[in-house]
Amino acid sequence: MLSIDLNCDLGESFGNYAFGDDAAVLASVSSANVACGFHAGDPGGIRATCAAAAAAGATIGAHPGYRDLAGFGRRFIDYDPVELADEIIYQIGAVQALARSVGARVRYVKPHGGLYNAIVHHEPQARAVVDAVRAVGDELPLLVPSGSAVERIAHDEGVRTFAEAFADRAYAADGTLVPRTAPGAMLDRAAAVAQAVRIATTGRAVAVDGTEIEVPADSLCLHGDSPAAVQLAREVRAALDERGVRIASFA
């Protein structure tokens with residue numbers, strides 16, 4: 001029986017600024033990437049998201065990013081690698097503590113936004129991410145793009161990885177994500193459901209130029225800050241259920 005994880009970026013509200021309906025999304029996904037406070041999220045929201053994820057039976061992952069609230073962590077920052085590793089350790093530790101306070105545990109790490117995109121090719125930052133995860137301990141695996149620099153370095157350093165693909169983002173012919181600033185970067189619901197089913201059942205996707213590309217995936221990501229996130233999560237899960245694909249956390 002085919003099986004795949006559905007993950008979503010959650011816990012992104014900050015103070016008076018609310019993003020998404022985490023509780024409703026958690027009814028459909030199997031893993032929650034919880035913001036760590038640097039690109040989004042605050043202690044109360046992070047703790048509440050961890051509690052909601054635990055109640056829903058979803059696996060909790062730490063979702064660290066650049067220190068960039070204004071840019072939502074989606075802008076590249078040229079960090080000193082040691083400083084970046086320290087900041088990732090700090091963020092993971094914060095979510096670990098808040099998760100433990102509600103009787104839950106962090107089970108994996110998924111970098112966010114600009115950092116996630118950078119470590120596909122940027123080796124010093126990729127190594128900083130791996131160094132941070134190793135330093136934290138607990139044998140936490142990394143959720144990263146297949147074929148990336150961070151995946152290779154993690155394997156060399158003995159850190160487990162799982163491959164992630166995106167249901168609601170368009171792919172370029174080289175297998176990278178189309179930049180959010182480009183037209184068509186975010187797929188509409190129908191296209192996202194179709195892409196999720198194709199990736200889960202064939203390991204392939206159709207790029208924006210029509211090329212069919214390989215997209216290995218242990219987990220499919222849906223973005224929680226999208227206005228259609230709740231409905232998309234329901235529709236993706238229903239479509240996968242109809243095709244006999246079991247939804248289960250990789251961690």
Provide the closest heavy-atom pair for [X] versus [Y] in the form atom of the first, atom of the second, distance.
X      : Y      : value
Glu164 : Cys221 : OE2-CB, 3.1 Å
Ile46  : Gly37  : CD1-N, 4.0 Å
Gly65  : His112 : CA-CB, 4.2 Å
Ile199 : Ala217 : CG2-CB, 3.8 Å
Arg67  : Ile77  : O-CD1, 4.0 Å
Val129 : Pro111 : CG1-CG, 4.1 Å

Would you kindly say whether [X] and [Y] are connected by a side-chain donor-acceptor distance under 3.5 Å?
X      : Y      : answer
Glu12  : Tyr17  : no
Gln195 : Tyr171 : no
Ser101 : Arg47  : yes

Subject >> Side-chain touch Ile92/Val109, heavy atoms, less than 4.5 angstrom >> reply: yes
Subject >> Minimum side-chain heavy-atom gap His63-Val34 below 4.5 Å >> reply: no
Within the side chain of [X], is there an N or O that forms a donor-acceptor pair under 3.5 Å with the backbone of [Y]?
X      : Y      : answer
Asp22  : Thr49  : no
Thr176 : Ala172 : no
Thr211 : Ala207 : no
Asp168 : His223 : yes
Gln91  : Glu87  : yes
Asp42  : Gly15  : yes
Arg237 : Ser28  : yes

Measuring from [X]:[atom1] to [Y]:[atom2], what's the distance to the nearest 0.5 Å?
X      : Y      : atom1 : atom2 : value
Leu69  : His39  : CG    : NE2   : 9.0 Å
Arg74  : Asp68  : CZ    : CG    : 10.5 Å
Leu6   : Ile247 : CG    : CD1   : 4.0 Å
Leu232 : Leu222 : CG    : CG    : 5.0 Å
Thr59  : Arg107 : OG1   : CZ    : 7.0 Å
Arg180 : Asn117 : CZ    : CG    : 9.0 Å

Original post:
Testing Ile89, Leu115, Asp78 for side-chain contact (heavy atoms from CB on, under 4.5 Å) with Leu84, which one passes?
Top reply: Leu115
Original post:
Should Leu10 and Val25 be marked as a side chain to side chain contact (heavy atoms under 4.5 Å, CB included) after you check the CA-CA gap, both sets of side-chain angles, and the distance that decides it?
Top reply: CA-CA 9 Å; Leu10 300 173; Val25 171; 4.2 Å; yes
Subject >> Test log, rule side chain to side chain contact (heavy atoms under 4.5 Å, CB included), inputs His155 and Arg160 >> reply: CA-CA 7 Å; His155 287 179; Arg160 289 183 300 146; over 6 Å; no
**OP:** Check the pair Asp241, Arg246 against salt bridge (charged side-chain N to carboxylate O under 4.0 Å, His left out), reporting the backbone distance first and the verdict last.
**Re:** CA-CA 7 Å; Asp241 285 343; Arg246 185 172 68 97; over 6 Å; no
Hydrophobic clustering (ILVMFWY, side-chain heavy atoms < 4.5 Å, transitive) - are [Y] and [X] grouped together?
X      : Y      : result
Val245 : Phe166 : yes
Leu187 : Val178 : no
Val215 : Leu240 : yes
Leu2   : Phe250 : no
Leu26  : Ile60  : no

Original post:
Given Ser249, which of Ser3, Ser30, Ser31 fulfils the side chain to side chain donor-acceptor pair (under 3.5 Å) condition?
Top reply: Ser31
Original post:
Does the ring center of Phe19 lie less than 6.0 Å from the ring center of Phe72?
Top reply: yes
Original post:
Less than 6.0 Å separating the ring centroids of Tyr90 and Phe38?
Top reply: yes
Subject >> Charged N-O contact under 4.0 Å between Arg198 and Glu212 >> reply: yes
Subject >> Gln231 atom CD, neighbour heavy-atom count above 12 within 6.0 Å >> reply: yes
Subject >> Residue Arg204 excluded, over 12 heavy atoms near CZ under 6.0 Å >> reply: yes
**OP:** List the steps, then state whether side chain to side chain contact (heavy atoms under 4.5 Å, CB included) holds for Asp9 with Asn7.
**Re:** CA-CA 7 Å; Asp9 302 344; Asn7 77 75; 4.3 Å; yes
Return all side-chain donor-acceptor pairs below 3.5 angstrom for residues 135-149, not counting sequence neighbours, or 'none' if the list is empty.
from: Asp138; atom 1: OD2; to: Gln96; atom 2: NE2; distance (Å): 3.1
from: Ser148; atom 1: OG; to: Pro145; atom 2: O; distance (Å): 2.7
from: Ser148; atom 1: OG; to: Glu151; atom 2: N; distance (Å): 3.3

Original post:
In terms of ring plane angle, is the pair Phe76 and Tyr66 parallel, tilted or perpendicular, where the classes change at 30° and 60°?
Top reply: perpendicular
